[in-house]
Structure formats: C-alpha cells, structure tokens
Amino acid sequence: MVCALGAALCYGTATVLQAMAARAAASDSGGPGDARSSEGSGGIPSSKGSDKGSGKGSGVDAALLWRAVRQWRYLAGLGLDGAGFVLQIVALRSLPIYAVGAALAASLAVTAVVAARLLRTPLTGVEWAAVGVVCAGLAMLGLSAGEEGDETGSTALRYAMLGVAGGILLLGAAAGGLPGRARALALGLGSGFGFGVVEVSVRLIEDLDPATLLTNPATYALLLGGGAAFLLLTSALERGSVTTATAGMVIGETIGPAAVGVVWLGDRTREGLAWLAVLGFAVAVAGALALARFGEAPVEAPVEAEPPGPASP
C-alpha cells in the first residue's frame, strides 16, 4: 500500500504542474484555454472561450500536447509521472487492482493539498472533510485488501484490452462533436479508461523476457492506453469543465479495472472483510469526486487596478 500511496503523491503533484503547462501552452497559442477565463469556483480556470487555434469540434488537440511538452513544468510533471508509474507497477504486483485504483484516484487529495499550500488555492471546510474522507477510505482498503489475484488472464482478455485502448482514441476523436460539458465528460472518461487499461495490462504481463513482451498483446495495450490517456487528459485539462472532466477520469480509472480484477484476475479481500473493502473503495472514490475541481491547477487572478483617488485641490 505504501507504493500505491507514493504513486498517488507523484501523480497528484504532477497534475498541478501539467495543468499549469497545458493552460500556458493554450494561452500562448491564443486558443480556447486562455488563462484569463475562469470557472468561477476557487479560481479554477475553464475553457469557455472560442475554439480558434485548436480547431473547433476537435476532441483531441495533438498540437496542444506538443506545445505543452516544451514547458518545463510539463516535463517535471512527466518525470513525477514516471516515478509514480514505477511505484504503481510495484503496487499492482502485490495488491488487488481495486486497492491500487482507489489509491490513485486519491491523488486528487494530494493535488488539493499541494494547490492549497503552493498555489494559494484555499480549501473550503467541505473540501478538507473530503480529504479526510479519502484518507479514511484508503485506511479501510489497507486493512481489508488481500494479495493480488493469482489468475494470469486469458489471451482474449489481453486482446480485449488492446481493443479498448484503440477505442479510447476513437472516443477522443468523436468527443469533438459533443457540446462543451458532454465533451469534457467524454474526454475525462476516455483518459480514465486509458489509465484503467494500463492498470489491467500491468497484471497481464507476467514474463518480462523481451521476446515474450513483443508477442504479448497486453504490452501494446499498455503503451497505447497510456499514450491515449495522456493525450485525452491534456485536452480535457485545456477545454471544458475541469470538474466534469476530472470526475469522469476518476470514474473511468477505478470502477472498470476493479471489476476486471475481481471477475477475471481473482482479486480478493482478507477473509471476512469484503464489506470493509467495498465501503473503503466507495468512500475513497466519493471523496476524490468531491475534490474534482482540483484536476486542474489554478491560475492567479489578475490584480485589478485601484481606482484613482480624489484629485488634489
């Protein structure tokens, strides 16, 4: 569980850096992610401007990703993502997918605390309570989670993951025809599904021999799913409702992979503690959803000029 929480710490901090870079890249291009726009809640920015620059109706903006990776914050975030991914792999080798997925969703609590501390985005009382709820849910999961399942997964499941990874890219392309909030939800769900594919695919890769890796469909599902997830997440951060997109991502990366782990990979809980695992999973995810607005880093509001004082006699 320590590795899963370490991954959440890395991912949560990376979210702040990557979101700031995505918004800066969009602002530099004059596109819809103008940092001067705001969602109106806690200073979290939103893309409510026009669609010029990215191409109106386009769900995925590959050019935005290219601009973002030239920002040092985005590169630093990628470094933390890499460290988090290593910790995630270690966690998935010893814990059920449902426990790791809930811990990764809890990275939003890390993002919230980091944003409150470093970016001066104050948390409300309800949001501090949500952070506490996430911690309580993770504690319940830590007490109830058993070892990872002993099922290796079928060949059909490996190809299914590869098909889902390809479908995520189609989902991102199709999202361009949807209205703003629905588009943000579709992009967020798509990115969550991509991260979920990564979680399941790690479990489907048993042999690390290079020859075996090249013939294992799960290897390509992991690469394609992870790449699609980053692409859709970057686009989701730059356009639409941040809260909607992040909520979709949390749902997509937790429920589906947890079900696959239990049904097809043999994930179980400790004897007699299944109820505590279900409760902890639900509590942790619910707390993460309450913190969904922290899926994107805030930008400082422009300082309004003080009105001129009375003229001197």
Side-chain angles (χ1 to χ4, degrees), residues 1-15 84-85 87-114 116 123-151 188-189 191-193 195-203 243 246-295:
M1 199 66 179
V2 173
C3 288
L5 294 177
L9 179 63
C10 291
Y11 288 144
T13 306
T15 295
F85 183 64
L87 292 172
Q88 178 184 348
I89 291 176
V90 175
L92 286 168
R93 293 296 184 181
S94 58
L95 288 174
I97 291 177
Y98 65 79
V100 178
L104 296 182
S107 65
L108 283 174
V110 176
T111 301
V113 174
V114 171
L123 296 178
T124 65
V126 172
E127 287 166 341
W128 275 116
V131 172
V133 165
V134 168
C135 294
L138 292 176
M140 286 186 274
L141 280 171
L143 291 172
S144 61
E147 295 182 355
E148 64 166 334
D150 54 5
E151 301 291 333
L189 275 173
S191 65
F193 291 153
F195 292 128
V197 167
V198 171
E199 293 174 23
V200 176
S201 296
V202 167
R203 287 281 298 276
T243 301
T246 307
M249 183 188 70
V250 170
I251 293 171
E253 72 176 348
T254 53
I255 298 176
V260 171
V262 171
V263 176
W264 285 289
L265 297 178
D267 286 347
R268 296 292 181 266
T269 65
R270 293 181 181 177
E271 188 68 27
L273 293 179
W275 66 271
L276 185 61
V278 173
L279 179 60
F281 179 86
V283 166
V285 173
L289 289 174
L291 295 167
R293 78 178 179 97
F294 288 95

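When reading the values below, keep in mind they use all heavy atoms of this one structure, side chains included, and skip hydrogens, waters and symmetry mates.
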Please check this pair: side chain of Y11 against backbone of L108, looking for a donor-acceptor N/O pair closer than 3.5 Å. no
Of all the heavy-atom pairs spanning V100 and Q88, show the shortest one and how long it is. CG1-CG, 4.3 Å
Check whether any side-chain heavy atom of R268 sits under 4.5 Å from a side-chain heavy atom of V262, and report yes or no. yes
Looking at V278, V285, V283, which one forms a side chain to side chain contact (heavy atoms under 4.5 Å, CB included) with F281? V285
Closest heavy-atom contact between G196 and P257? CA-CG, 3.4 Å
Just by modelled atom types, is the R93 backbone N or O under 3.5 Å from a matching donor or acceptor in the R203 side chain? no
Counting only N and O atoms by type, is there a donor-acceptor contact under 3.5 Å from the side chain of R270 to the main-chain atoms of A145? yes
Please determine which of V202, L265, T254 meets the side chain to side chain contact (heavy atoms under 4.5 Å, CB included) test together with I97. L265
Could you pull out the closest heavy-atom pair between L141 and A102, with the gap in Å? CD1-CB, 3.3 Å
To check you understand the geometry: which heavy-atom pair defines the closest contact between L87 and G6, and what is its length? CD1-C, 3.6 Å
If you compare all heavy atoms of A277 against all heavy atoms of T269, which two are closest, and at what distance to 0.1 Å? CB-CG2, 3.4 Å
L279 CG to L273 CG distance, which is reported to the nearest 0.5 Å: 11.5 Å
Interatomic distance, CG@L289 vs OG1@T246, rounded to 0.5 Å, equals 10.0 Å
Side-chain contact test, heavy atoms from C-beta onward, threshold under 4.5 Å: evaluate it for V198 versus F85 and give yes or no. yes
Measuring from F193:CZ to I251:CD1, what's the distance to the nearest 0.5 Å? 9.0 Å
Mark yes or no for whether S107, through its side chain, and A8, through its backbone, hold a donor-acceptor pair below 3.5 Å. no
Rounding to 0.5 Å, atoms CD1 (I89) and SG (C3) come to a distance of 11.0 Å
Interatomic distance, CH2@W275 vs OG@S144, rounded to 0.5 Å, equals 8.5 Å
Taking every non-hydrogen atom, the tightest pair across V134 and A109: CG1-CB, 4.2 Å
Residue pair V113, W128: steps toward the side-chain contact (heavy atoms from CB on, under 4.5 Å) verdict: CA-CA 9 Å; V113 174; W128 275 116; 4.2 Å; yes
